[in-house]
Enquirer: 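Input: one structure, supplied below.
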Amino acid sequence: MGKIKFEDLPISQEIKKAIGDMGFEEPSPIQEKAIPFILEGKDVTGQAQTGTGKTAAFGIPSLDSIDPKNDKLQALILCPTRELAIQVTEELNKLARYKKGISTLAVYGGQPIDRQIKALKRGVHIVIGTPGRVMDHMRRKTLKFDDVKMVILDEADEMLDMGFREDIETIIEDMPKNKQMILFSATMPKPIIDLSKKYQKNPQMIKITHKQLTLPSIEQKYLEVKEGSKIEVLSRLIDIHNPKLSVIFCNTKKKVDDVVAALQSRGYFADGLHGDMKQIQRDRVMNKFRNGVIEILVATDVAARGIDVDDVEFVFNYDLPQDEEYYVHRIGRTGRAGREGKAYSFISGKEIRKLKDIERYTKSKVKREEIPSLDDVEEVKISAFLEKIKSVIDEGHLGKYIDYIDRLLDEDYVSIDIAAALLKIATGEEKKTEIETHHEFDNTGAESGMVRLFINLGRNHQIREKDIIGAIAGETGIKGKLIGKIDIYDKFSFVEVPKDCASQVISVMKNNTIKGKKINIEPANSR
Ligand code: ADP
Ligand code: MG
């Protein structure tokens with residue numbers, strides 16, 4: 001893992017600030033190796049697998065080299081596909097956020113060329129394009145390479161596979177001889193080496209290789225989870241497995257903060273560890289984790305290096321790591337000292353490719369697992385609770401409590417109902433049904449943003465609009481003018497209230513009175 005820090009690189013403060021915003025804590029291995037050479041002006045050929053941060057590896061130094069005062073094209077980045085061109089452009093724009101006056105443009109087939117021509121005429125410093133469309137602009141003389149200092153081939157192997165070799169050569173040959181040429185690729189087949197030999201000057205070859213590391217006995221699983229569902233899925237997994245200690249890895253500091261906040265608000269004993277924290281803060285968190293005061297530690301790779309806790313039962317890769325070696329380091333936090341550990345990785349979309357790389361590298365199999373359902377969670381919670389009940393009964397000393405239950409039995413409640421109600425309360429089922437009833441707010445026939453409520457009083461009970469408004473506003477404290485449409489019929493009425501107040505209105509008004517009459521109130525059913 002890296003020794004160079006972003007702060008140490010001879011690049012502008014503006015770019016460093018943007019890197020900070022993006023939450024990158026330290027350079028990935030390919031970045032650590034490639035950026036200094038590119039900054040020196042050397043030609044570089046870099047080989048590293050997907051997801052290892054190659055975009056920033058060339059993006060950071062290329063942005064740093066741009067002179068915003070010169071409105072001519074200064075760098076060209078060639079990508080195999082339109083998606084990639086867009087992705088690279090987005091990452092560059094994020095990195096260029098504070099470096100004022102830098103203009104980038106993605107050019108690719110499928111988009112009207114006129115629009116691209118117009119944009120190019122306004123002056124663009126970096127063009128990110130597919131070879132075909134770049135050739136097109138060359139022919140039209142809408143792209144001129146006179147001031148180009150740097151050409152970058154991203155995913156060179158893909159581009160050659162797609163038959164872009166000739167185009168690429170034509171483009172390079174049209175450029176100034178003294179330009180810097182950077183080539184990035186996941187693999188290095190012969191055609192790429194040939195391309196390098198033909199056009200690069202004394203290139204620095206960088207290959208990110210890995211030492212083979214052996215994994216202790218760790219059960220590895222993955223789940224396909226969309227970014228937006230990760231917290232929910234994480235919570236379910238934690239509830240089901242109930243690990244004493246677990247570590248959750250994220251790729252950025254910002255993610256660590258977000259995940260910690262989300263877990264804490266869900267009531268978990270969680271805290272975070274990342275590179276922005278002072279040593280003393282880190283020590284404090286680590287102590288709490290060691291003592292079990294916090295059960296879930298959320299960390300970046302850098303921060304996790306010092307973790308030397310033996311009984312971590314679970315590691316969660318909230319994000320897949322940048323680098324296979326990190327994966328091994330991460331999951332190695334569990335399964336220590338001969339214990340059995342479990343590692344869960346969340347992946348989404350194309351990350352399955354990265355996971356395949358990891359499997360190849362670790363020579364191990366990561367098994368797919370379904371996202372647990374809420375019922376699964378409940379089943380586990382309740383079984384655990386039943387076990388607890390059994391042991392409490394076995395221990396005895398229940399006399400005092402039996403007396404209380406006797407009171408209910410005297411009131412003609414039956415013991416199985418009492419037990420079931422206690423179970424419901426104890427397992428939090430009450431809370432859950434409350435959340436679920438919110439679905440009842442979806443189809444009440446109200447205006448958008450409102451919920452239509454039914455009240456079992458109407459004209460026959462001398463109820464008028466102002467009585468309903470007065471009662472709801474008076475009892476709940478909701479402003480009268482927030483209360484919407486009211487319809488009064490003979491035996492019942494409807495009133496619309498804002499969606500986010502609806503459950504409050506119902507709980508306050510239920511069994512309350514309007515004009516001295518006890519009411520029933522519930523979401524209207526428009527179906
Ligand atoms: P590659 O081109 O090697 O496949 P990318 O450049 O697309 O990989 O990077 C993959 C992801 O990693 C992106 O979301 C990127 O923002 C993120 N990333 C890049 N460098 C770092 C870093 N140093 N720390 C954390 N995340 C990073
Ligand atoms: Mg890439």
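All values below were derived from every heavy atom in this structure, side-chain atoms included, with hydrogens, water molecules and symmetry-related copies excluded. First listed ligand is number 1; within each ligand, the first listed atom is number 1.
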Enquirer: Show which atoms of ligand 1 fall inside a sub-4.0 Å distance from at least one heavy-atom site of Thr52.
Expert: 1 (P), 3 (O), 8 (O)
Enquirer: Which ligand 1 atoms, with their elements, are less than 4.0 angstrom from a heavy-atom of Ser28?
Expert: 23 (N)
Enquirer: Using a strict 4.0 Å cut-off to heavy atoms of Asn251, name the atoms of ligand 1 that fall inside it.
Expert: 25 (C)
Enquirer: Please report which non-hydrogen protein atom sits nearest to atom 1 (P) of ligand 1, along with the residue it belongs to and the distance in Å to one decimal place.
Expert: Gly51 N, 3.3 Å
Enquirer: Any idea which protein heavy atom is nearest atom 25 (C) of ligand 1, and the distance to it?
Expert: Phe24 CD2, 3.5 Å
Enquirer: Would Thr252 count as being in polar contact with ligand 1, using the rule that some N or O on each side must be under 3.5 angstrom apart?
Expert: no
Enquirer: Could you tell me whether the side chain of Gln111 and the main chain of Gln116 form a donor-acceptor pair under 3.5 Å?
Expert: no
Enquirer: Any salt bridge between Arg353 and Asp357, counting N to O under 4.0 Å?
Expert: no
Enquirer: What protein heavy atom sits nearest atom 20 (N) of ligand 1, and how far off is it?
Expert: Gln31 NE2, 2.8 Å
Enquirer: Students should be able to answer this: which protein heavy-atom is nearest to atom 13 (C) of ligand 1, and at what distance?
Expert: Glu91 OE1, 4.4 Å
Enquirer: So is Lys94 touching ligand 1 or not, going by heavy atoms under 4.0 Å?
Expert: no
Enquirer: Any N or O on Glu26 sitting closer than 3.5 Å to an N or O of ligand 1?
Expert: yes
Enquirer: Side chains of Glu359 and Tyr222: any donor to acceptor distance under 3.5 Å?
Expert: no
Enquirer: Could you check if a side-chain atom of Phe269 sits within less than 4.5 angstrom of a side-chain atom of Lys288, using non-hydrogen atoms only?
Expert: no
Enquirer: Taking only Lys NZ, Arg NE, NH1 and NH2, and the carboxylate oxygens of Asp or Glu, determine whether Lys190 and Asp194 approach each other closer than 4.0 Å.
Expert: yes
Enquirer: Can you establish whether the number of heavy atoms outside Lys99 located under 6.0 Å from its atom NZ is more than 12?
Expert: yes
Enquirer: Distance to 0.1 Å, residue and atom name: give those for the protein heavy atom nearest to atom 5 (P) of ligand 1.
Expert: Thr55 OG1, 3.6 Å
Enquirer: Report yes if Gln322 has an N/O atom closer than 3.5 Å to an N/O atom of ligand 1; otherwise report no.
Expert: yes
Enquirer: Does anything in residues 85-115 pair up under ring-ring contact (aromatic ring centres under 6.0 Å, His included), and if so which pairs, sequence neighbours excluded?
Expert: none
Enquirer: May I ask you to check whether Gly53 has an N/O atom sitting below 3.5 Å from an N/O atom of ligand 1?
Expert: yes
Enquirer: Regarding ligand 1, does Lys54 bring an N or O atom to under 3.5 Å of one of the ligand's N or O atoms?
Expert: yes
Enquirer: Grab the two heavy atoms, one from Leu95 and one from Ala18, that are nearest each other, plus how far apart they are.
Expert: O-CB, 3.3 Å
Enquirer: With sequence neighbours left out, which residue pairs that include part of residues 220-233 fulfil the salt bridge (Lys or Arg N to Asp or Glu O under 4.0 Å) condition?
Expert: Glu219-Lys221, Lys221-Glu369, Glu224-Arg368, Glu227-Lys230, Glu227-Lys255, Lys230-Asp319, Glu232-Arg236, Glu232-Arg266
Enquirer: Take every heavy atom of Met22, measure it against each atom of ligand 1, and state whether any distance is under 4.0 Å.
Expert: no
Enquirer: Between Tyr344 and His241, does the ring centre distance come in under 6.0 Å?
Expert: yes
